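Order of appearance sets the numbers: ligands from 1, and atoms from 1 within every ligand. In this text, all values refer to a predicted model and were calculated from it rather than measured experimentally.
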Amino acid sequence: MSANPTKSTVGDNLFAGSPTYQMAKTQLEAVAKVMDTPPDVIERLATPKRSLIVNIPIRMENGEIHCFIGYRVQHSLTSGPSKGGLRYAPHVDLGEVAALAMWMSWKCGIMNLPFSGAKGGIACDPAKMSRGELERLTRRYTEEVLPIIGPRVDVMAPDLGTDEQTMAWIMDTYSMKVGHAAPEIVTGKPIELGGCLGRREATGRGVVCCIVEAITELNLSPQETTAVVQGFGNVGSVVAQELAIRGIKVIAVGDRYGSIRNPRGIDIPALLRHVAAGKMVKDFQEAEVIPDADLLTTPCTILVPSAMERVINRDNAPKLKCRILAEGANGPTTPEADDILNNNGVFIIPDILCNAGGVTASYFEWVQDLQQYFWNEHQVNEKLRELMTSAYHRVRALSLRRQIPMRLAALSIGVEKVANEKIRRGLFP
Ligand code: GLU
């Protein structure tokens, strides 16, 4: 170790290889420039509190043993249990998980939830694994991260490549270890196990709450408004459905297997039935197939990336032809693209605000599990709408007052909440 390590070298050495982590750090640096937060507090926030890397050996269907690498990163533990999804995807690495954990902290801060940020992941391709392999992988991962999880310590939820069944296996494994049913160890579980009505739809519904506020502010009428949605999973499919219900024409949709377009508007209920029958989006008859690269650049009023991070970059950002960018995914826009879109006058609803409906409903689920007192779906949806709408207006008001982009305003609110808690609590010992 050098005699005089420069500030934040520690985190850089561990995570620097990840462009997603670099993105999260660049954002934090931008916030530090516009806020009065003491530099030492910013420095504490620049590196995750705790990162665990585990080797997960499991028996595959062919009898062989295969080792997978898993991660759990807790960005902070200051504001309450750390909270965040678990993703299964081939590209998952420590830096990506650390960036996503940091974004969860700011997201919970904006929403005023009593949580800190965390994220987990396993580098694997769930599409190529059997149900048995996925169950063994999930249970063994849970066992390996057991020392750092708990209903008051760290609570997981679904993310890319995981679902309510994954959460059920985690809940069961944890419950077997502690000797009693512990539904509050995860959120996004099946309803029968203490899941929250409306949780699955909550991220998409929250995205649409923000879109509704934005189109009202911009004086756009839903009937003249068109949308393009990237991703047709948990988030994108619900966004498309909720937009269609409000009379907004969804003219193009795509997922990782292909993209389709119909300028007259895609029949979303029919597309949902098509996908529910096990068919691919790209094989939907009443629309034309388009090259994937054309999806994001399709002229529309509202573009909703709801799949992966870093899909809008310096190359395609100048070609985007949308009025509003509503970020359903985490980190879909690189900082270079962000500058280009701001210069082009695109109205950005940033990820940590736009997709915060998921963790907000997770908070409702955790509260219900702790109290063993359950809400109906109407109560969940109403409370979600109320919290999303007020968060949107808090961010918007700061953006207008300080004349800063919506993303910087959202980040500032999130970072400031955590920073103030750190300052108030002081440094131990
Ligand atoms: N994975 C979701 C997200 O990125 C939800 C996290 C949660 O509910 O804890 O916000």
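Within 6.0 Å of CG on Asn343 lie more than 12 heavy atoms contributed by other residues, nucleotides or ligands.
Salt bridge Glu365/Lys189: present, at least one basic N to carboxylate O contact under 4.0 Å.
Side-chain N/O atoms of Tyr363 and Gln368 include no donor and acceptor closer than 3.5 Å.
Using a 30° and 60° split on the angle between ring planes, Phe364 and Trp375 fall in the tilted class, from 30° to 60°. Using the six-membered ring where Trp is involved, His75 and Trp106 have ring planes that are perpendicular, over 60° apart on the 30 and 60° scheme.
Checked options Asp163, Leu134, Asp159; the residue passing with Tyr88 is Leu134 (criterion: side chain to side chain contact (heavy atoms under 4.5 Å, CB included)).
Within 4.0 Å of ligand 1, the residues that place a heavy atom are Lys83, Gly84, Gly85, Met104, Lys107, Lys119, Ala157, Pro158, Asp159, Arg199, Asn330, Gly358, Val359, Ser362, listed by chain and number.
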